[in-house]
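A short worksheet on the structure shown next.
Naming convention: chains lettered A, B, ... in sequence-line order (proteins, then strands); numbering from 1 in each chain.
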Amino acid sequence: MDEFLRSVEATLFASSEPLTADEIGNHVGEGDVAAALAELATRYQGHGIEIVERGGRWHFQTAPDLAYLLRRSREEPRRLSRAATETLAIIGYHEPVSRGEIEAIRGVQISKGTLDVLMEAGWVRTAGRREGPGRPLLYATTPEFLTHFGLASRRDLPGIDDLKAAGLLDPLDEAAMQALGQLALESDGEDD
Amino acid sequence: MDEFLRSVEATLFASSEPLTADEIGNHVGEGDVAAALAELATRYQGHGIEIVERGGRWHFQTAPDLAYLLRRSREEPRRLSRAATETLAIIGYHEPVSRGEIEAIRGVQISKGTLDVLMEAGWVRTAGRREGPGRPLLYATTPEFLTHFGLASRRDLPGIDDLKAAGLLDPLDEAAMQALGQLALESDGEDD
Amino acid sequence: MGEQLRLVRSEPDELTLSLDGWEGPLDLLLELARGQKVDLTQISILELVEQYLAYLAQARALKLEIAADYLVMAAWLAYLKSCLLLPKDPAADPSPEEVALRLQMRLQRLDAMREAGARLLGRDRVGRDVFVRGDPEGLLLVRKAKWQVSPFDLFAAYGAVKARSQPPMHVVHPRSVMTLDEAIERVSRMIGMAVEWTAIEEFLPRTDDPQLRRSALASSFVAALELARQGRLELAQDAPFAPLKLRAA
């Protein structure tokens, strides 16, 4: 195993968080980090641990099929309410998306706490404002979202291509939002 | 790689502390853990990471010869402030010289930070104390100073006559220095 | 949720009927639609409207509190139903069929996101299904300044220090001055005409150059003192800083 490969392996292994190729480069010096990562990923195939890329950042993790051995408890790391789960999915598949658009899709208002939970988990961030009436604040997912859910990129979101093809990810047209959107606005029911 | 070996590998990787063979056995079930550990240790030889045993407990660690990668310093170009440049020049021309003498020559007090920067840069070192009242600490240049400025020895520093010939001894007012351009770059880095 | 629905359909008198479990009218509609067919694109909107209205009627009969948005949706759906059943009005824009299609699309959207959320949560999640290294050494990147200064900067800096601290070198530029000799000559020549007290300024040459004027004043003053010492003129001043006056002795 050549020195450069060893260096990339050691750096990735020692890091407490996923690293971009550039960040690895800062530690290992001159060399083709991307090629080394690809080579390492191949070498670790079939091992109990593997090298994965999530949104341009790389990390070591245990092989998914060994989950049964390692699962520490039946509890999910973070129990998400139905409202939070749907909201997270809507942001992931539609980003960047405003709160109004999330509410239009769900047909109910979202409570402040729902977005807070997702931001606190580090999966959702604010992503500027949309130019236009009201300049609504936009939401998008984070690199941690991809890491946590094991997605190499947003293109890996389950079924995203089919949904796109079916027009289900198109921006909501104004008329439809008005036709049914007022229902959301009139509702004062909390959603989680 | 067989399932048992993969399981031991993943368990060891995910553990937050070194594990005994028995503890690993509790996770991975039936099998010869000791043999698996020995086999893994062999497989990881020559890698950037290795499996080691300390007092009957096993853990993964970064290969010791690569430990230097984990703590890396990156150099970022920064322009030396005018105060520091003048101080460096005075030390170069007058060494060994005390801080009081530097201030007398500059006509301005210098901050501790200025000398720290020069010492951090590796161009200035302390050079004992002068016998006399207060026993002031003396400063002198280092071999790196000569190297950086392309000087074979301090005798290569241009003399007063050379400076005069180059127009560097003319009493220039600030405006003229700015016009000169070269010095203007330093004026925003004043550190004392 | 599905269980509640089944209860409603099979045993309408069960008191388990509740609106609390639904996340708004759209959620309830979606659940009712799913009861029709698996494929949401094939549902009958008219039938869905009937189901929704029937559901609310039951809830009302059971004196359940019904949130306003469910009632608004009911009113809107009743209106949509009547539009769909009435003879077509070619002027209606959008047409009731189009509105129905949009409702169907919205249900599909919500359904898609609900399913996506479930699939997301079912993935191999870090900390549940896959694990990162338990005890990483951690990386540290120390940023160090690489100080930049050229030899020219260094020498120029020393030049600047020297230029500042060296005793200033005086270069005397040719200046318009009146020497003492000139002043003595001029004052002694002019004093013969000054029988009355005359201000010293009158003895100075006419000039617009303030430097020459100051020099002439100073030289003429010293000249006056010298000529007074020789007894050739008298000096008078009424008070300190008052005009200095000269006359022939």
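Other residues, nucleotides and ligands contribute only 12 or fewer heavy atoms inside 6.0 Å of the CZ atom of B:Arg78. Summarising the local packing, CZ of C:Arg214 is surrounded by 12 or fewer heavy atoms from other residues, nucleotides or ligands at distances under 6.0 Å. Counting heavy atoms of neighbouring residues, nucleotides and ligands inside a 6.0 Å radius, atom CZ of B:Arg155 does not exceed 12 of them. No more than 12 heavy atoms of other residues, nucleotides or ligands shown are found within 6.0 angstrom of CD on C:Glu196. Other residues, nucleotides and ligands contribute only 12 or fewer heavy atoms inside 6.0 Å of the CZ atom of C:Arg213. For C:Phe221, the CZ atom is loosely surrounded, since the number of other residues' heavy atoms within 6.0 Å does not exceed 12.
Considering only heavy atoms from C-beta on, B:Ile90 comes within 4.5 Å of C:Val161 through its side chain.
Residue C:Glu137 holds its CD atom at 15.0 Å from CZ of B:Arg71, rounded to the nearest 0.5 Å. Considering CD of C:Gln148 and NE2 of B:His148, their distance stands at 7.5 Å, rounded to 0.5 Å. A distance of 11.5 Å separates CD in B:Glu86 from CG in C:Asp153, rounded to the nearest 0.5 Å.
B:Ala14 and C:Phe131 make their closest contact through CB-CB, 3.8 Å (heavy atoms, listed as atom of the first residue, atom of the second, distance). Residues B:Leu80 and C:Trp147 come closest through the heavy atom pair CD1-CE3, 3.7 Å. Residues B:Thr85 and C:Ala157 approach most closely at CG2-CB, 3.6 Å, considering heavy atoms.
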inquiry  = With side chain to side chain contact (heavy atoms under 4.5 Å, CB included) as the criterion, how do C:Val149 and B:Trp123 come out once you've worked through the C-alpha distance, each side chain's angles and the decisive distance to 0.1 Å?
reply    = CA-CA 11 Å; C:Val149 55; B:Trp123 294 329; 3.5 Å; yes
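The aromatic rings of B:His94 and C:Tyr158 sit tilted, their planes meeting at an angle between 30° and 60°.
Ranked by heavy-atom pairs under 4.5 Å with chain C, the first of B:Ala121, B:Pro18, B:Ala67 is B:Ala121.
For B:Glu120, the part lying under 4.5 angstrom from a heavy atom of chain C is the side chain only.
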